[in-house]
Protein chains: 2
Amino acid sequence: MGTVNAAAPRPMRSDAQRNYDRILEVASAAFAEKGVLTSLDDIACRAGVGPGTLYRHFPSRDCLIAAALGESLGRLDALAGRLKASDDPGAALDEWLLAVANHLRTYDNLPESIAEAFRTEDSPLRASCRPLTETTSLLVRRAKEAGAIRADVEPLDIFALVSSVAWASQRRGDSDAGLRRMLALATTGIR
Amino acid sequence: MGTVNAAAPRPMRSDAQRNYDRILEVASAAFAEKGVLTSLDDIACRAGVGPGTLYRHFPSRDCLIAAALGESLGRLDALAGRLKASDDPGAALDEWLLAVANHLRTYDNLPESIAEAFRTEDSPLRASCRPLTETTSLLVRRAKEAGAIRADVEPLDIFALVSSVAWASQRRGDSDAGLRRMLALATTGIR
DNA sequence: ACCTGAACACCGTTCAAGT
DNA sequence: ACCTGAACACCGTTCAAGT
């Protein structure tokens with residue numbers, strides 16, 4: 001479930017597939033428990049494989065993080081589909097930005113890792129954000145056309161704003177309501 | 001210059017003082033060059049002391065960071081004095097928040113370290129922010145009384161907002177103008 | 001083709017031995 | 001009183017040897 005590349009070039013050997021799945025499962029649990037900076041050795045160990053096997057399947061930490069985000073990305077994709085069909089562009093954008101902020105909070109320290117990934121061209125974690133930024137651009141354009149937000153704000157600025165709110169609310173340990181409040185406060189300026 | 005504790009209990013032995021100064025000097029340079037997460041061993045080595053000596057003077061990384069921020073904190077303190085005497089509370093708050101954001105950007109990864117420090121009660125780095133949050137509270141109160149900003153925003157929320165903007169603009173490698181723009185965008189909601 | 005785990009480099013932190 | 005640096009634990013990453 002949730003393979004990032006839907007078009008896999010060739011099937012894995014069955015033992016390799018088992019290892020892949022097991023590593024991903026353990027990694028998701030570890031990220032959820034201790035954040036994305038948790039020890040990779042520890043993940044390999046808990047998955048019952050050597051560190052080399054983990055590196056073979058996921059050449060970098062970002063690779064593993066991107067894979068572990070599969071489920072959340074799937075949910076966002078479904079939401080994007082619905083919101084693109086909405087007839088209230090302003091409300092659609094609001095709902096979308098909240099969902100993106102929550103996605104960025106999926107794991108502790110994820111906002112930092114993603115922001116870092118945006119500084120390198122070919123990061124897999126950055127690639128995983130591609131659908132997010134594209135949908136954001138689209139919904140921002142619609143909201144502008146509907147006059148719901150200012151015409152002079154760039155989608156990337158909005159994405160940065162949402163990232164920063166996600167970061168701050170995660171660092172403060174905010175509740176869902178806290179995130180909502182701060183996001184509303186920070187995005188007033190785009191209207 | 002810029003000792004955090006102005007009331008030192010007793011003078012250091014002269015060789016200890018020399019080491020202290022040298023470590024702080026090297027650390028400031030290293031933080032400026034590679035960010036606050038740079039290797040402490042490396043700092044000790046460049047300062048010509050053993051790692052134990054560094055730990056004796058600065059028991060934690062946060063201690064060393066707080067000490068290295070002395071100069072910037074001094075400048076902020078001077079600015080605070082001037083702004084408290086201003087007769088335009090709205091403009092004073094704006095200028096202050098920009099200065100705080102710039103302070104938080106002094107070193108790479110500083111916003112993260114400070115946000116983390118706020119999660120522990122007795123962190124020296126958190127203590128170093130005490131004057132900042134107090135001045136912020138005062139200027140926020142004045143701005144409210146003058147009707148320059150909304151009455152229902154908490155000073156701590158504003159501090160969080162400024163931190164998050166500092167974080168994002170640092171991650172994006174924004175220029176001074178970029179920071180200004182994003183700060184203005186993010187703080188529109190408080191008015 | 002894939003896995004294993006030893007090996008290396010690096011870092012934070014402590015502490016016994018020195019002066 | 002302070003410094004030194006060896007020592008330990010831990011982690012990321014690679015790679016030669018296996019199956």
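Labels below follow one simple rule: chain letters A, B, ... track the order of the sequence lines, proteins then strands, and each chain is numbered from 1.
Relative to the side chain of B:Val49, the nucleotides C:dC3, D:dT4, D:dC3 differ in distance, and D:dT4 lies closest. The side chain of A:Arg61 has D:dG12 as its nearest neighbour among D:dG12, C:dT13, D:dT14. Here the side chain of A:Leu40 is nearest to one of C:dA6, D:dC3, D:dG12, namely D:dG12. Residue B:Ala16 places its side chain closer to D:dC2 than to any other of C:dA6, D:dC11, D:dC2. Checking D:dT13, C:dG12, D:dG12 against the side-chain heavy atoms of A:Pro51 singles out D:dT13 as nearest.
Per the geometry, CG belonging to B:Asp62 stands 10 Å off P belonging to C:dT13, to the nearest Å. Between the CG atom of A:Leu37 and the C1' atom of C:dG12 there is a distance of 16 Å, given to the nearest Å. Protein atom OH of A:Tyr55 is 17 Å distant from nucleotide atom P of C:dA6, rounded to whole Å. Rounding to whole angstrom units, CD1 of residue A:Ile43 and C1' of D:dC11 are separated by 12 Å. The distance from atom CZ of A:Arg56 to atom C1' of D:dA16 is 13 Å, rounded to the nearest whole Å. Counting to the nearest Å, the P atom of D:dG12 and the CD1 atom of A:Ile23 are 14 Å from each other. Residue A:Asn19 contributes atom CG, which lies 11 Å from atom P of C:dC2 at whole-angstrom precision. Between A:Leu54 atom CG and C:dC2 atom C1' there is a gap of 14 Å when expressed in whole angstrom units.
Residues B:Arg46 and B:Asp41 are not paired through a salt bridge, judged by the lack of any N-O separation under 4.0 Å between the basic side chain and the carboxylate. Salt-bridge check for B:Arg181 with B:Asp174: failed, with every basic side-chain N at 4.0 Å or more from each acidic carboxylate O.
Phosphate proximity of C:dG12 to B:Ser39: present, with a side-chain N or O under 4.0 Å from OP1 or OP2. The side chain of A:His57 places no N or O atom within less than 4.0 Å of a non-bridging phosphate oxygen (OP1 or OP2) of C:dC2.
With both pairing distances under 3.5 Å, D:dA16 is matched to C:dT4 as a Watson-Crick or G-U wobble pair. Base pairing of C:dC11: no nucleotide in any strand meets the Watson-Crick or G-U wobble criterion (both distances under 3.5 Å).
Using a 4.0 Å heavy-atom cutoff across all strands shown, B:Thr53 reaches at least one base atom of the nucleic acid. Contact annotation for A:Asp42: no contact, since no heavy-atom pair falls under 4.0 Å across all strands.
For the side-chain hydrogen bond (donor to acceptor under 3.5 Å, both in side chains) test with A:Gln17, the passing option among A:Asp21, A:Asn19, A:Asp15 is A:Asp21; the others fail.
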Which pairs would a plain distance check flag for residues 81-92 of chain B, meaning a side-chain donor or acceptor within less than 3.5 Å of a matching protein atom at least two apart in sequence or in another chain?
{"unit_1": "B:Ser86", "atom_1": "OG", "unit_2": "B:Asp88", "atom_2": "N", "d": "3.0"}
{"unit_1": "B:Asp88", "atom_1": "OD1", "unit_2": "B:Gly90", "atom_2": "N", "d": "3.3"}
{"unit_1": "B:Asp88", "atom_1": "OD1", "unit_2": "B:Ala91", "atom_2": "N", "d": "3.2"}

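A 4.5 Å side-chain heavy-atom check between A:Lys144 and A:Ile149 finds at least one atom pair inside the cut-off.
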